[in-house]
Amino acid sequence: GAEAAIQASMAGPGSEPGELSDSELLLLLEPGDQALQPGFGVRLKRAQTPLEKYYLKYLCVTDLSTQSWCEQQMVYGRELPQLQVPETVVLLNTGKSIHLARELEVHDVVRVHVTSREDSWAIKILNLLSVIPELQAGGCVRELPVFGVIEDVFLMGIIDELCYSATGELELRELKTRGRPFMPSGAQKKRDYFQVCLYKYIFDAMVQGKLKPDVITSHIQLRPEQPLGSQIREHAQKVGFTVTCFGDLLELMYLNLTLSDIPGIDCLKIEYSHQESNTLLGTEVVRFEEEKVREKAQHYLAYWKGQREVQGVEIEEAWKCQSCSYSEICDWRKKRAEGPEQRSGPKKSK
DNA sequence: ATTGCTGAAAGG
């Protein structure tokens with residue numbers, strides 16, 4: 001917080017390096033700081049952004065949507081996945097198997113041996129490419145990979161289902177299975193809305209030709225000249241593509257996406273269903289507001305880029321902590337319990 | 001380089 005910042009900026013010569021927190025390191029790097037002068041004696045490490053700290057070259061759409069539930073929880077989830085309460089794990093796994101069963105209704109899943117990082121990205125691209133003819137034939141596709149860049153951060157996601165509706169609109173459907181037989185709270189809906197809006201944002205940019213081959217190779221650090229493994233080439237051939245290196249596939253992806261005149265997504269729907277009884281609880285139609293989506297994404301990505309500290313939920317949403325696996329160890333909660341909370345702005349007079 | 005890195009989504 002602000003207090004810690006003042007202390008660190010006063011650290012003079014002779015203070016020991018090595019025991020500094022991330023925020024203190026950031027301060028030492030302020031331009032004009034005397035610690036930056038040569039011969040000062042403090043060995044400086046550049047403060048890592050969360051993206052660097054976790055060695056992430058890209059984020060998933062669900063990283064951002066879970067972040068919108070609680071950013072602090074999302075971070076703990078990454079650091080201490082084994083701490084998740086068993087109840088939650090069961091719920092998630094049930095949802096997972098329901099999704100898999102639905103995927104298998106529309107296509108088979110085969111295992112392909114990979115020999116390089118380029119190979120594993122080639123699989124994603126082939127999965128994307130193979131849905132184009134299916135969509136054009138008016139079919140329904142599931143588990144379709146999408147990628148794109150927002151705020152200079154590469155994002156990847158998997159769209160649950162994409163179909164042309166009876167009225168000829170391209171419709172995205174996201175299935176959410178639930179443990180209890182009623183519609184979710186506003187907070188959950190909000191998270192799910194954001195998730196599907198991100199899918200549309202990324203998908204539309206992709207079919208509009210904004211995802212150039214070099215965007216992928218530069219963000220993910222892949223080599224276009226890397227030869228693809230034999231199993232990958234074999235699989236590509238089955239889908240109708242003759243490729244030798246990763247770059248070939250990137251070019252094909254770009255051409256197919258832009259020349260196949262697939263429209264942007266017209267309609268976003270979320271279907272909530274009850275796990276146990278397998279009954280539909282309700283369908284939400286989501287309004288897409290590009291500017292709002294971009295603003296939200298910008299806010300969440302600011303954390304990842306090290307432009308701001310991690311945040312937990314506001315006091316109004318502290319009820320979320322009741323179902324959180326990390327509530328006992330949560331720094332955000334501790335901070336809130338201790339501090340006499342110097343909120344900015346005047347207090348509400350009631 | 002005081003090292004190196006990834007199935008996404010799964011639900012409250």
Side-chain angles (χ1 to χ4, degrees), chain A residues 17-18 25 43-46 48 50-70 73-74 76-79 81 84-103 109-114 116-128 142-147 154-161 173-192 194-196 198-199 202 219-222 270-276 281 304 313 317-327:
Chain A
L25 278 168
R43 193 171 33 132
L44 292 170
K45 229 193 295 179
R46 199 171 71 77
Q48 283 183 320
L51 279 174
E52 292 165 340
K53 184 178 168 192
Y54 301 106
Y55 302 98
L56 300 172
K57 295 192 184 76
Y58 66 93
L59 292 175
C60 306
V61 166
T62 49
D63 287 329
L64 296 198
S65 61
T66 57
Q67 194 176 353
S68 86
W69 175 266
C70 174
Q73 185 195 46
M74 183 275 300
Y76 283 130
R78 195 171 273 281
E79 286 175 350
Q84 271 206 335
V85 298
E87 210 182 359
T88 304
V89 177
V90 170
L91 201 61
L92 291 177
N93 285 337
T94 307
K96 203 175 188 172
S97 59
I98 293 170
H99 276 264
L100 178 61
R102 272 168 50 96
E103 177 181 6
V109 177
V110 292
R111 285 207 159 270
V112 178
H113 182 251
V114 296
S116 64
R117 294 177 56 236
E118 285 75 8
D119 273 3
S120 33
W121 279 87
I123 291 179
K124 301 189 217 295
I125 294 171
L126 284 169
N127 284 335
L128 171 61
R142 285 187 182 153
E143 304 294 312
L144 134 84
V146 288
F147 354 92
F154 198 89
L155 283 182
M156 138 119 228
I158 294 190
I159 293 178
D160 232 12
E161 186 174 319
R173 292 181 206 145
E174 169 73 28
L175 174 72
K176 293 287 178 211
T177 68
R178 297 181 48 74
R180 305 231 221 110
F182 42 78
M183 288 293 274
S185 69
Q188 283 171 66
K189 283 184 185 170
K190 212 170 134 188
R191 188 247 338 249
D192 300 338
F194 185 44
Q195 182 182 354
V196 295
L198 285 172
Y199 289 139
I202 295 171
H219 277 87
I220 317 293
Q221 291 158 25
L222 300 165
I270 306 175
E271 299 175 327
Y272 293 97
S273 84
H274 182 218
Q275 286 189 349
E276 203 189 341
L281 302 168
W304 287 105
V313 293
E317 289 201 311
W319 54 266
K320 286 180 178 175
C321 305
Q322 288 167 14
S323 65
C324 178
S325 308
Y326 308 99
S327 59

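Values below: all heavy atoms of this structure, side chains included; hydrogens, waters and symmetry mates excluded. Only a predicted model underlies this, so the values are computations on that prediction, with no experimental measurement involved.
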*Asks:* Would you say the side chains of A:Gln84 and A:Ser325 form a donor-acceptor pair under 3.5 Å?
*Replies:* no

*Asks:* Quick one: sort the A:Trp69 and A:Trp319 rings into parallel, tilted or perpendicular, breaks at 30° and 60°.
*Replies:*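 Geometry flag for A:Trp319 against A:Trp69: perpendicular rings.
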
*Asks:* Using a heavy-atom cut-off of under 4.0 Å over every strand shown, decide if A:Tyr199 touches base, sugar-phosphate, or nothing.
*Replies:*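 If one applies the 4.0 Å heavy-atom cut-off, A:Tyr199 turns out to touch the sugar-phosphate alone, with no base involved.
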
*Asks:* For B:dG7 versus B:dT3, give the span between their C1' atoms, rounded off to a whole number of Å.
*Replies:* 25 Å

*Asks:* Using the rule given for side-chain contact (heavy atoms from CB on, under 4.5 Å), can you reason through A:Arg117 versus A:Lys57, listing the C-alpha separation, both sets of side-chain angles and the distance that settles it, and then say yes or no?
*Replies:* CA-CA 12 Å; A:Arg117 294 177 56 236; A:Lys57 295 192 184 76; 3.7 Å; yes

*Asks:* Give the nucleotide from the list B:dA8, B:dG12, B:dA9 with an atom nearest to the side chain of A:Arg178.
*Replies:*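 Among B:dA8, B:dG12, B:dA9, the one nearest the side chain of A:Arg178 is B:dG12.
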
*Asks:* When all nucleic acid strands are considered with a 4.0 Å heavy-atom cut-off, which category describes A:Val61: base, sugar-phosphate, or nothing?
*Replies:*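 The answer is sugar-phosphate, as A:Val61 gets under 4.0 Å only of primed atoms, P, OP1 or OP2.
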
*Asks:* Closer than 4.0 Å, any side-chain N/O of A:Ser323 to the OP1 or OP2 of B:dG12?
*Replies:*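 No, A:Ser323 has no side-chain N/O under 4.0 Å of OP1/OP2 on B:dG12.
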
*Asks:* Quick one: is B:dA10 close enough that its OP1 or OP2 comes under 4.0 Å of any side-chain N or O from A:His99?
*Replies:* yes

*Asks:* Base, sugar-phosphate or nothing for A:Gln275? Non-hydrogen atoms, less than 4.0 Å.
*Replies:* sugar-phosphate

*Asks:* Expressed in angstrom and rounded to an integer, what is the separation of A:Ile123 atom CD1 from B:dA8 atom P?
*Replies:*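 Whole-Å distance recorded here is 11 Å.
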
*Asks:* At under 4.0 Å, does any side-chain N or O of A:Arg191 touch on OP1 or OP2 of B:dG11?
*Replies:* no

*Asks:* With a 4.5 Å heavy-atom cut-off, do A:Leu175 and A:Arg102 have their side chains touching?
*Replies:* yes

*Asks:* Consider the side chain of A:Arg117, meaning its heavy atoms from C-beta on, and name the nucleotide among B:dT6, B:dG12, B:dA10 that approaches it most closely.
*Replies:* B:dT6

*Asks:* What is the nucleic acid contact for A:Ile159, judged by heavy atoms within less than 4.0 Å: base, sugar-phosphate only, or nothing?
*Replies:*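 Nothing, no heavy atom under 4.0 Å.
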
*Asks:* Could you tell me how far apart A:Met74 (CE) and B:dA9 (C1') are, to the nearest whole angstrom?
*Replies:* 15 Å

*Asks:* So what does A:Lys176 hit on the nucleic acid, given a heavy-atom distance under 4.0 Å: a base, only sugar-phosphate, or nothing?
*Replies:*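 Answer is sugar-phosphate: A:Lys176 comes under 4.0 Å of backbone atoms only.
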
*Asks:* Please state the P separation for the pair B:dA8 and B:dG12 - nearest whole angstrom.
*Replies:* 23 Å

*Asks:* Just to confirm, is there a sub-4.0 Å distance from OP1 or OP2 of B:dA8 to any side-chain nitrogen or oxygen of A:Tyr58?
*Replies:*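 For B:dA8, OP1 or OP2 has a side-chain N or O of A:Tyr58 closer than 4.0 Å.
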
*Asks:* How close or far is atom P of B:dG11 from atom CZ of A:Phe182, stated in whole angstroms?
*Replies:* 15 Å

*Asks:* Among B:dA8, B:dG4, B:dG11, which nucleotide has an atom closest to any side-chain atom of A:Leu92?
*Replies:* B:dG11

*Asks:* Between A:Lys124 and B:dA8, is there a contact of a side-chain N or O with OP1 or OP2 at under 4.0 Å?
*Replies:*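 Yes, because at least one side-chain N or O of A:Lys124 sits under 4.0 Å from OP1 or OP2 of B:dA8.
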
*Asks:* Checking A:Glu103 now: which residues fulfil salt bridge (charged side-chain N to carboxylate O under 4.0 Å, His left out) with it, not counting sequence neighbours?
*Replies:*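 Partners of A:Glu103 by the salt bridge (charged side-chain N to carboxylate O under 4.0 Å, His left out) criterion come out as none, since no residue qualifies.
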
*Asks:* Could you check whether A:Gln73 gets within reach of a base, just the sugar-phosphate, or nothing at all, counting any heavy atom under 4.0 Å?
*Replies:* base

*Asks:* In whole Å, I'd like the distance from the CE atom of A:Met156 to the P atom of B:dC5.
*Replies:*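 Distance check: A:Met156 CE to B:dC5 P gives 19 Å.
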
*Asks:* Suppose we call a contact any N or O donor and acceptor under 3.5 Å apart; does that hold for the side chain of A:Arg111 and the base of B:dG7?
*Replies:*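 Answer is no: no donor-acceptor pair is held.
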
*Asks:* B:dT6 C1' sits how many Å from A:Lys53 NZ, rounded?
*Replies:* 17 Å

*Asks:* For B:dA10, does OP1 or OP2 lie under 4.0 Å from any side-chain N or O of A:Gln195?
*Replies:*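 So the side chain of A:Gln195 is within the cut-off, an N or O lying under 4.0 Å from OP1 or OP2 of B:dA10.
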
*Asks:* Need to verify one output field. Residue with the more 5' nearest nucleotide on DNA chain B, A:Lys57 or A:Gly179?
*Replies:*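 In this pair, the answer is A:Lys57.
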
*Asks:* Who pairs with A:Arg178 by salt bridge (charged side-chain N to carboxylate O under 4.0 Å, His left out), at least two apart in sequence or on another chain?
*Replies:* none

*Asks:* Say we look at B:dA9 and B:dC5: how far apart would their P atoms be, to the nearest angstrom?
*Replies:* 23 Å

*Asks:* In whole Å, what is the span from the CG atom of A:Leu51 to the C1' atom of B:dT6?
*Replies:*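 The answer, rounded to whole Å, is 13 Å.
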
*Asks:* Distance check needed: B:dT3 P versus A:Gln48 CD, whole Å only.
*Replies:*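 Those two atoms, CD and P, are 8 Å apart.
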
*Asks:* Between B:dA10 and A:Ser97, is there an OP1 or OP2 to side-chain N/O distance shorter than 4.0 Å?
*Replies:* no

*Asks:* At 4.0 Å (heavy atoms only), tell me whether A:Leu56 reaches a base, stays on the sugar-phosphate, or touches nothing.
*Replies:*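 Result for A:Leu56 = base.
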
*Asks:* Step through the shown structure and confirm whether more than 12 heavy atoms of other residues, nucleotides or ligands are within 6.0 Å of CD on A:Glu87.
*Replies:* no

*Asks:* Once you round it to whole Å, what is the distance between P of B:dC5 and OH of A:Tyr55?
*Replies:* 10 Å

*Asks:* Closest nucleotide of DNA chain B for A:Trp121 versus for A:Pro184: which of these residues is on the 5' side?
*Replies:* A:Trp121

*Asks:* Would you kindly check whether a donor in the side chain of A:Glu143 faces an acceptor in the base of B:dG7, or vice versa, at under 3.5 angstrom?
*Replies:*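 No pair found.
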
*Asks:* Just call it for A:Thr66: base, sugar-phosphate, or nothing, with non-hydrogen atoms closer than 4.0 Å on any strand.
*Replies:*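 Base: the residue A:Thr66, judged by heavy atoms under 4.0 Å, touches a nucleobase.
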
